There are 4 protein chains.
Amino acid sequence: MWRREQLLDAALRVFADKGVDGATVKDVAQAAEVTPGLLYRYFDSKEAMVETLLAERGFLPRLRELRSQARDSRPAVVVLTELLAEFDRLLADNAELMAVFFSAAQARAPLATLAAEGRRLIGDFLIERVAAGELRPHDTATAARTLFAAVAVNRRLGTPIDVAALVGLLFPEEG
Amino acid sequence: MWRREQLLDAALRVFADKGVDGATVKDVAQAAEVTPGLLYRYFDSKEAMVETLLAERGFLPRLRELRSQARDSRPAVVVLTELLAEFDRLLADNAELMAVFFSAAQARAPLATLAAEGRRLIGDFLIERVAAGELRPHDTATAARTLFAAVAVNRRLGTPIDVAALVGLLFPEEG
Amino acid sequence: MWRREQLLDAALRVFADKGVDGATVKDVAQAAEVTPGLLYRYFDSKEAMVETLLAERGFLPRLRELRSQARDSRPAVVVLTELLAEFDRLLADNAELMAVFFSAAQARAPLATLAAEGRRLIGDFLIERVAAGELRPHDTATAARTLFAAVAVNRRLGTPIDVAALVGLLFPEEG
Amino acid sequence: MWRREQLLDAALRVFADKGVDGATVKDVAQAAEVTPGLLYRYFDSKEAMVETLLAERGFLPRLRELRSQARDSRPAVVVLTELLAEFDRLLADNAELMAVFFSAAQARAPLATLAAEGRRLIGDFLIERVAAGELRPHDTATAARTLFAAVAVNRRLGTPIDVAALVGLLFPEEG
DNA sequence: GATGAATGAGATTTCATTCAT
DNA sequence: GATGAATGAAATCTCATTCAT
């Protein structure tokens, strides 16, 4: 059943390019080099294609996995830098899905969930390391959303940020 | 010719809500409490409405005006905080237009321009104040995009950031 | 708003001719000499057209009105003959709607209701006149469905029955 | 070649349930627990399935056989009652085929033929028995279509009539 | 200016039928 | 014989746009 994946690939590509509303089923079919009718053997509707993409190609699970990585015992700034770099790579790998997130009106919720999860991942890490005396006491909540935002926005804009420089900015003394 | 503005208001509201592609001309007309035909007396096409919104309701000029404000002679962190607060207010005031930016495929460019302008505004300010010895030497480019991103993303997500805390995070000693 | 009626007329004609499922929206549009899209200004869907026909063109109310006519004080066989003739005329006038009834799977219920109402109309009349000693005692329920069926089937088959002969068959002595 | 019959069984069931136009080839295939493609090894088209049903499952022959039964020498009302009961059973046994008759536009003709045949069967019987002095002289044509209609309509509506009562209604003195 | 009926083009979806396996 | 993926044609429906009033 690799045909299904092939269709999802095409849909992801086309939706990211033209937006979910802007892309037609015919567009997707042409990108997959099949006839439009075939899409309906695999998906109930265009809408269902979007939902399937979000469900099966979503990377929230992979974002959650990063939490274990945060347990790393190396110095805080090293681990934080790696964490952000991983997150940045995740976004880079899923640039098209992010584009779909942004184009699909009904995908606002997934975006918010993603952001909340990311903030928590980083925030929890900072709290731990402050408690351990490794990082200076600071507003960890604001720091978390700042770091998250800096990586996410710049990746989205196609102008990825230098993660090491970013960490150095907030925690200069530790570098 | 206030009828024109009324139509633009309705279009902005509706496009922000349903996305440009998702909204129909009829939707806009109903929101403006007129009939669809009337829209074509003021605009050539639905597409032209979007362009007009971007052109006439864009806030790039107001963002540029902030540059003069950056000349303020008060302490750097005070001015920076005010600058970011202004920028945040600008985004809050134009939340609907931002939503249109994100939904309209052809509005990707304005977004990039906006970001570049914002980064430059903040970056130039930081360079000046570092040169003046008011702020510690640091990677001003990374700082600029970080500050910009932190404000923009959180406003967009509906979870606005505490601007003073943000500045305090990057420049703790100066607070 | 006579356009609406014109479209219903066309729909009735076409649905009766080709069956609801067999007829296309395009068929109806062509019969009405408009474009298919226009139908959707007046009706939500093809399905809604059928429902509207059943609701607005149904003749159940007129069938019910016949009940007052049954109060007529003239001899039973005279009144019964007139009643059946009226009913037969009703069916003749609504031959197309009947055809739709038969073709639309979901219209089975209206048909059953129509039949029940008709049986009751005739049955009640017979009971009264038997009670009045005007008609010989007999199985009025069976008589009612027989009379109803004889008229309905033959009208439907395009071979209308002679109503007077029909009444004469069941009540020869009274003639 | 019982597979063919199995497919016809499924088709009959599905066509009766959803109407010929409303049922899809896939519906029939699923009901027969085979794949759609297989149907085309046994029938040229969906249309051909309907025609085959009408041709091979039609009960006109069995209706004609009743004619010999009409030769029965027992009293007229007894034989007539049996005749109608047989006819009623025939309809009951072929309820699904009748449903197809009613749903398929092109099956209107078979219905008319069936009705004509039924009327003639009963009509001829009545003529004979009137000639034999067994039944009172009456309009046998009207009687035939009345008896036929009463049985057919009520069977079709799912409210079968009491055949003995029906005969008693038309020929009370003979009972 | 303003209406809203009407159109035409195209989008989504369905489905009878074919065909390689 | 049997499968079921794939197609092509058509059906339902949507909607930006026009135009007579």
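Because the structure is a prediction, the values reported are computed rather than measured. Every chain is numbered from 1 and lettered A, B, ... according to where its sequence line falls, protein lines coming before strand lines.
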* Asked: Which of the following nucleotides, E:dT12, E:dA16, E:dA2, is nearest to the side chain of A:Tyr40?
  -> E:dT12

* Asked: With sugar-phosphate meaning primed atoms plus P, OP1 and OP2, does C:Thr24 contact a base, only sugar-phosphate, or nothing at under 4.0 Å between heavy atoms?
  -> sugar-phosphate

* Asked: Under 3.5 Å, side chain of D:Lys18 to main-chain N/O of D:Asp27, donor-acceptor pair present?
  -> no

* Short side-chain to backbone donor-acceptor contact, C:Ser103 and D:Ser103, under 3.5 Å -> no

* OP1 or OP2 of E:dA5 sitting under 4.0 Å from any side-chain N/O of C:Tyr42? -> no

* Asked: Run the side-chain contact (heavy atoms from CB on, under 4.5 Å) check on D:Leu111 and D:Met98 step by step: do they pass?
  -> CA-CA 8 Å; D:Leu111 247 186; D:Met98 291 300 294; 4.1 Å; yes

* What is the distance from atom CH2 of B:Trp2 to atom CG of B:Leu7, rounded to the nearest 0.5 Å? -> 9.5 Å

* Which residue, D:Pro36 or A:Gly37, contacts DNA chain F at a nucleotide closer to its 5' end, judged by nearest heavy atom? -> D:Pro36

* Scan C:Ala23 against the nucleic acid and name what it touches under 4.0 Å (heavy atoms): base, sugar-phosphate only, or nothing. => sugar-phosphate

* Structure fact -> Heavy-atom nearest nucleotide on DNA chain F taken for D:Leu39 and for B:Val20; more 5' hit belongs to D:Leu39

* Asked: Would you say the side chain of A:Glu96 lies within less than 4.5 Å of the side chain of A:Phe15, judging by non-hydrogen atoms?
  -> no

* With A:Leu60 as reference, evaluate A:Leu90, A:Leu54, A:Thr113 under the side chain to side chain contact (heavy atoms under 4.5 Å, CB included) test and give the passing residue. => A:Thr113

* Let me have DNA chain F in dot-bracket notation, would you? Count Watson-Crick plus G-U wobble pairs, both distances under 3.5 Å, and use [ ] for pairs crossing earlier ones and | for inter-strand partners. => .||||||||||||||||||||

* Residue whose closest nucleotide on DNA chain E lies nearer the 5' end, D:Asp44 versus A:Asp44 -> A:Asp44

* To do: With a 4.0 Å heavy-atom cut-off, tell me which residues in residues 25-33 of chain B come close to DNA chain F, sorted by residue number.
  => B:Val25

* Asked: Of the nucleotides F:dA5, F:dT12, E:dT3, which has the atom closest to the A:Arg41 side chain?
  -> F:dA5

* Asked: Do any N or O atoms from the side chain of D:Asp17 and from the backbone of D:Val14 form a donor-acceptor pair under 3.5 angstrom?
  -> no

* Do D:Arg62 and D:Asp93 have side chains that get closer than 4.5 Å, going by heavy atoms? -> yes

* Donor-acceptor under 3.5 Å (A:Lys26 side chain, A:Thr35 main chain) -> no

* Is C:Arg3 near enough to E:dA6 that one of its side-chain N or O atoms lies under 4.0 angstrom from OP1 or OP2? -> yes

* **Shortest side-chain distance from A:Leu38, nucleotide among F:dT3, F:dA16, F:dT7** => F:dT7

